[in-house]
Structures are given as C-alpha cells and as structure tokens.
Amino acid sequence: MLTPSIERLVTELARLPGIGPRSAQRLAFHMMKAPKERSRGLAEALVEMADRLRPCAVCFSFAEAELCPICADPRRDPSLLCAVEEPSAILPIERTHEYRGRYHVLGGALSPIDGVDPGDLRIAELVARIEADDVVELVIATNPTMSGEATALHLADLVRGRVRVTRLASGLPVGADLEHADELTLGRALLGRREL
Ligand code: ZN
C-alpha cells in the first residue's frame, strides 16, 4: 500500500542506527502528516551537512572551514591535547566543562584482528603536533574497550619522555563508547586522570 516515494523514505530511514522497519514507517507517516516545510527543512539540513562537512586540517574532527570551531578558538590551551577515537567522543567531553585543551581524532582504535594497524590511524600526525605545538600533556581518551586500551598503551609508549601522558580515570563503563558515558562520570574521570 506504500507509494514509491514513501517506500524510498522508509528504506532510507531504516538504515539509520537504532531505527528498525517499524520505527522507519512511524517516522515516515509522521513526516507525511507534518507541514511540507518540515520535510523540506529536514532534507535541506541533511544535504547541507553532507555538502559542507570536511575534516579539520589540524585535529581531523568535523569542520566547515579549514579549522573546526575548537582549533579556531584562541582561548583553547594548545599545551593540552586530548586523543579520541572518533569526533563523536568530543561532544561528551566538552559537556563536562572540565577540559580546556585541544583534541586529536585518531580515526579509530588499534585492532590487529580487524587489520587496523598504527599506520591506519592518525598517529604520525599526533606525534607531529606534539612536537610542533609544545604540548605538555597528552590526555588519552580512547574508549574503555580492548582496542581502546591497546591504542592508549601504544600511544603512551610512543610519546613517553616527550610529554606527560595521562589516561581517563576508571569509573567509566568498560566496553562502552565515551559518547554513552554520562557527564558526571566522564567529568570525574577527566579530573582524576592518571599517569600512563
Ligand atoms: Zn580541529
């Protein structure tokens, strides 16, 4: 009973994480009943995002200009650098208001089984930044998973002696992503970070 255009919308929505076929249908029916401008607004927002986003030239987070808003902000402390796996980890750290340094997005975590080696991550760029920006402390905020821990140890071995290396304190749920940690826990883990 679905028309081709609704069918297409349901198919696209069902590709989103956490959205099954039923939720996709519910969302599609919701949009059908909503004023036309709402659908157009949603579609335009998606296209605009896809067209404008590019990696930040310095930290590899999302940017719409050469630099992301954080790298472009002169008030951020350049001597403090926080390494994360993905840009999605930056937002929860920002929400804690406990961190005033800059970030470096590695682009994943080491996982020999999946064929992810140091050369596949932006580790060389991280080391170059540490040397160029006179970084004093590297906060390693990879996820508290096996591959996240392996990445943390690899990074620590690589830059030890050049900078102070710290890791978020325990208390974070093991095996989860940082983006799912609540602000209070993450803020505490940040304040209680320890030498690695
Ligand atoms: Zn940046």
Side-chain angles (χ1 to χ4, degrees), residues 17 53 55-63 67-73 75-196:
L53 282 190
C56 170
V58 172
C59 75
F60 303 98
S61 179
F62 295 121
L67 299 180
C68 72
I70 292 175
C71 287
D73 184 350
R75 291 166 303 178
R76 305 294 299 223
D77 183 355
S79 72
L80 197 55
L81 199 55
C82 177
V84 292
E85 291 181 26
E86 301 292 345
S88 54
I90 294 177
L91 212 60
I93 295 175
E94 286 294 291
R95 277 200 298 260
T96 67
H97 299 291
E98 302 287 1
Y99 183 73
R100 295 302 300 160
R102 296 176 184 222
Y103 294 92
H104 189 86
V105 177
L106 296 166
L110 293 178
S111 179
I113 305 166
D114 303 312
V116 183
D117 301 314
D120 298 316
L121 304 178
R122 299 186 194 100
I123 292 176
E125 291 89 338
L126 174 68
V127 174
R129 275 184 80 185
I130 287 172
E131 281 167 2
D133 296 348
D134 290 325
V135 172
V136 173
E137 180 182 349
L138 173 67
V139 184
I140 303 179
T142 48
N143 292 328
T145 56
M146 289 250 288
S147 52
E149 294 300 337
T151 310
L153 291 177
H154 177 81
L155 289 180
D157 285 344
L158 209 57
V159 300
R160 208 189 307 275
R162 281 188 258 195
V163 278
R164 183 176 174 228
V165 183
T166 56
R167 178 95 173 105
L168 297 188
S170 53
L172 292 169
V174 173
D177 287 355
L178 279 193
E179 54 183 306
H180 297 120
D182 68 279
E183 279 140 58
L184 204 64
T185 307
L186 190 53
R188 267 195 217 125
L190 204 52
L191 284 176
R193 62 187 186 265
R194 53 186 165 72
E195 301 283 340
L196 196 70

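No experiment lies behind these values; they were computed from the predicted model shown. For reference, positions follow the sequence shown, starting with 1. Values below: all heavy atoms of this structure, side chains included; hydrogens, waters and symmetry mates excluded.
At a threshold of 4.0 Å, the pair Arg193-Glu137 counts as salt-bridged, since one of the basic side-chain nitrogens sits closer than that to a carboxylate oxygen. Ionic pairing of Glu94 and Arg76 is present here: one or more N-O contacts between side-chain nitrogen and carboxylate oxygen are shorter than 4.0 angstrom.
Remark: of the listed residues Arg102, Arg122, Arg129, Arg129 is the sole one forming a side-chain contact (heavy atoms from CB on, under 4.5 Å) with Cys59. Just one of Pro87, Ser88, Cys71 meets the side-chain contact (heavy atoms from CB on, under 4.5 Å) condition when paired with Ser61; it is Pro87.
Annotation: side chain of Arg167 is not in contact with side chain of Glu195 (no heavy-atom distance under 4.5 Å). Between Leu80 and Tyr99 the shortest side-chain heavy-atom distance falls below 4.5 Å. Counting heavy atoms from C-beta on, the side chains of Val165 and Val159 come closer than 4.5 Å. In this structure, Leu81 and Val136 have side chains that are not in contact, with every pair of non-hydrogen atoms separated by 4.5 Å or more.
Residue Glu149 comes nearest to Pro144 through the heavy atom pair OE2-CA, 3.8 Å, listed as atom of the first residue, atom of the second, then distance. Here the closest non-hydrogen pair linking Gly148 and Thr142 is O-OG1, 2.8 Å. In terms of heavy-atom proximity, Pro78 sits nearest to Val135 at O-CG2, 3.8 Å.
For Arg95, the side-chain contact (heavy atoms from CB on, under 4.5 Å) partners at least two apart in sequence or on another chain are Leu91, Pro92, Glu183. A search for side-chain contact (heavy atoms from CB on, under 4.5 Å) contacts involving Leu121 returns Leu110, Val116, Ile123, Thr151, not counting sequence neighbours. Residues forming a side-chain contact (heavy atoms from CB on, under 4.5 Å) with Ala141 (at least two apart in sequence, or on another chain): Cys82, Val84, Ile93, Leu168, Leu178.
To the nearest 0.5 Å, the span separating CG on Asp120 from OG on Ser111 amounts to 10.5 Å. Distance CG/Leu155 to CG/Leu196: 9.0 Å, rounded to 0.5 Å. For the atom pair Ile113 CD1 and Ser147 OG, the distance stands at 9.0 Å (nearest 0.5 Å). The CG atom of Leu158 sits 8.0 Å away from atom CD1 of Ile130, with the distance rounded to the nearest 0.5 Å. Considering CD1 of Ile70 and CZ of Arg100, their distance stands at 9.0 Å, rounded to 0.5 Å. With values rounded to the nearest 0.5 angstrom, Leu126 atom CG is found 4.5 Å from His104 atom NE2.
A donor-acceptor pair under 3.5 Å is formed between the side chain of Asp73 and the backbone N or O of Arg75.
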side-chain contact (heavy atoms from CB on, under 4.5 Å) between Leu106 and Glu86, worked out
CA-CA 7 Å; Leu106 296 166; Glu86 301 292 345; over 6 Å; no
Could you please spell out the steps behind the side-chain hydrogen bond (donor to acceptor under 3.5 Å, both in side chains) verdict for Asn143 and Thr145?
CA-CA 5 Å; Asn143 292 328; Thr145 56; 5.3 Å; no
